[in-house]
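Along the sequence shown, the residues carry numbers beginning at 1.
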Amino acid sequence: MTARPHVVLSAAMSVDGYLDDTSPERLLLSNADDFDRVDQVRASCDAILIGATTMRKDNPRLLVNSEERRAKRVAEGRSEYPLKVTVTASGDLDDSLKFWHHGGQKLVFTVDSAIDKVKATLGDLADVVSVGPEVDWGQLLDELGRRGVSRLMVEGGGTIHTQLMAQNLADEVHLAVAPLLVGQSDAPKFLGAADYPGGSTARMRLLEARAIGDVVLLRYAPKERR
């Protein structure tokens with residue numbers, strides 16, 4: 001049986017747990033040194049995943065920005081950029097977004113009812129795969145494993161982070177905590193309400209706590225609860 005990838009959830013959040021505020025512009029939570037750390041993590045991964053909602057809202061290119069890191073990947077016999085992956089149940093995608101027109105290969109996971117719509121929208125911009133009548137994260141990770149993805153970085157949004165944590169599918173969590181308070185109840189949060197494994201008393205193992213300028217990086221191992 002093909003091994004599933006090692007799943008790393010990565011997010012920058014405010015002290016009160018928000019990924020963004022409600023303004024039209026994206027709230028910059030990290031600093032330059034932490035953005036560079038994220039770039040390093042991206043370069044270490046075989047694939048990077050974001051949800052379609054995050055793609056529509058932030059319109060990211062989702063690249064490894066460092067030429068040196070990209071050159072190192074090529075020297076190691078890997079692709080210059082990690083595979084870029086998105087997930088959509090609705091099939092509502094915009095083929096003009098930056099995600100499709102920068103970097104290397106792209107892959108879309110969708111559901112049976114939306115696959116024709118996604119293929120018609122994207123044409124040859126991406127490979128499109130259905131994971132059944134609804135999004136099945138286990139099947140999705142199995143497919144990534146079959147495609148040679150051994151390390152997957154998940155950059156949001158909050159719904160995807162919540163689903164992966166609730167299904168005990170995250171191997172690591174990287175949280176960059178910024179010294180900001182958002183305080184807007186309708187702003188997106190890192191995690192939502194869910195029935196998390198072990199309940200509210202299960203403590204995850206802390207892998208690292210490190211100051212990066214005014215941001216604090218916290219790394220946890222969610223499956224190692226006690």
Using distance alone, with no hydrogens and no angle criterion, decide if Ser10 and Glu155 have a side-chain donor and acceptor under 3.5 Å apart.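 No pair is found: no donor N or O on one side chain lies under 3.5 Å from an acceptor on the other.
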Any side-chain donor near an acceptor of the partner, Gln163 and His161, under 3.5 Å: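 Side chains of Gln163 and His161: no pair found under 3.5 Å.
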Please give the remaining members of the hydrophobic cluster of Val215, linking ILVMFWY side chains under 4.5 Å, ordered by chain and number.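 Once heavy-atom contacts under 4.5 Å are chained together, Val215 still belongs with nothing else.
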Look at [X] together with [Y] and state whether they make a salt bridge at an N to O cut-off of under 4.0 Å.
{"X": "Asp142", "Y": "Arg4", "answer": "yes"}
{"X": "Arg147", "Y": "Asp46", "answer": "no"}
{"X": "Asp92", "Y": "Lys117", "answer": "yes"}

Salt bridge (Lys or Arg N to Asp or Glu O under 4.0 Å) partner of Glu80, the single match among Arg73, Lys72, Arg70, Arg42: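 The option that passes is Arg70.
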Could you tell me whether Lys106 sits above the aromatic face of Phe99, with NZ or CZ closer than 6.0 angstrom to the six-membered ring centre and within 45 degrees of the axis?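 No, cation not above the ring by the 6.0 Å, 45° rule.
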Tell me if a side-chain donor or acceptor on [X] pairs with a main-chain N or O of [Y] at a distance below 3.5 Å.
{"X": "Asp20", "Y": "Arg26", "value": "no"}
{"X": "His101", "Y": "Asp95", "value": "yes"}
{"X": "Asn59", "Y": "Lys98", "value": "yes"}
{"X": "Ser130", "Y": "Ile115", "value": "no"}
{"X": "Ser30", "Y": "Asp34", "value": "no"}
{"X": "Thr162", "Y": "Gly192", "value": "yes"}
{"X": "Asp58", "Y": "Pro60", "value": "no"}
{"X": "Tyr18", "Y": "Gln184", "value": "yes"}
{"X": "Trp137", "Y": "Ile160", "value": "no"}
{"X": "Asp39", "Y": "Ser66", "value": "yes"}

Considering residues, nucleotides and ligands other than Glu67, do more than 12 of their heavy atoms fall under 6.0 Å from its CD?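 For Glu67, atom CD is not crowded (no more than 12 foreign heavy atoms under 6.0 Å).
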So if you build clusters from Ile, Leu, Val, Met, Phe, Trp, Tyr with side-chain heavy-atom gaps below 4.5 Å, do Leu191 and Leu27 land together?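 Leu191 and Leu27: separate clusters.
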Same apolar cluster: Tyr196 and Leu164, side chain cutoff 4.5 Å: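 As far as the 4.5 Å side-chain criterion goes, Leu164 and Tyr196 are connected within one cluster.
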Value rounded to 0.5 Å, distance of OG1 in Thr2 from CG in Leu141: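 Rounded to the nearest 0.5 Å, the OG1-CG separation comes out at 12.5 Å.
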Arg219 versus Glu172, closest heavy-atom pair with distance: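 Closest approach of Arg219 to Glu172: NH2-OE1, 3.1 Å.
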Apply side-chain contact (heavy atoms from CB on, under 4.5 Å) to residues Asp136 and Phe109 and explain how you reach the verdict. CA-CA 10 Å; Asp136 182 327; Phe109 286 106; over 6 Å; no
Test log, rule side-chain contact (heavy atoms from CB on, under 4.5 Å), inputs Leu28 and Phe35: CA-CA 10 Å; Leu28 295 181; Phe35 283 128; 4.3 Å; yes
Run the side-chain contact (heavy atoms from CB on, under 4.5 Å) test on Asp36 and Val38 for me, step by step, so that the C-alpha distance in whole Å, both residues' side-chain angles and the decisive distance to 0.1 Å come before the verdict. CA-CA 5 Å; Asp36 186 66; Val38 170; over 6 Å; no
Run the numbers on Val8 and Leu152 for side-chain contact (heavy atoms from CB on, under 4.5 Å), then give the verdict. CA-CA 6 Å; Val8 179; Leu152 171 67; over 6 Å; no
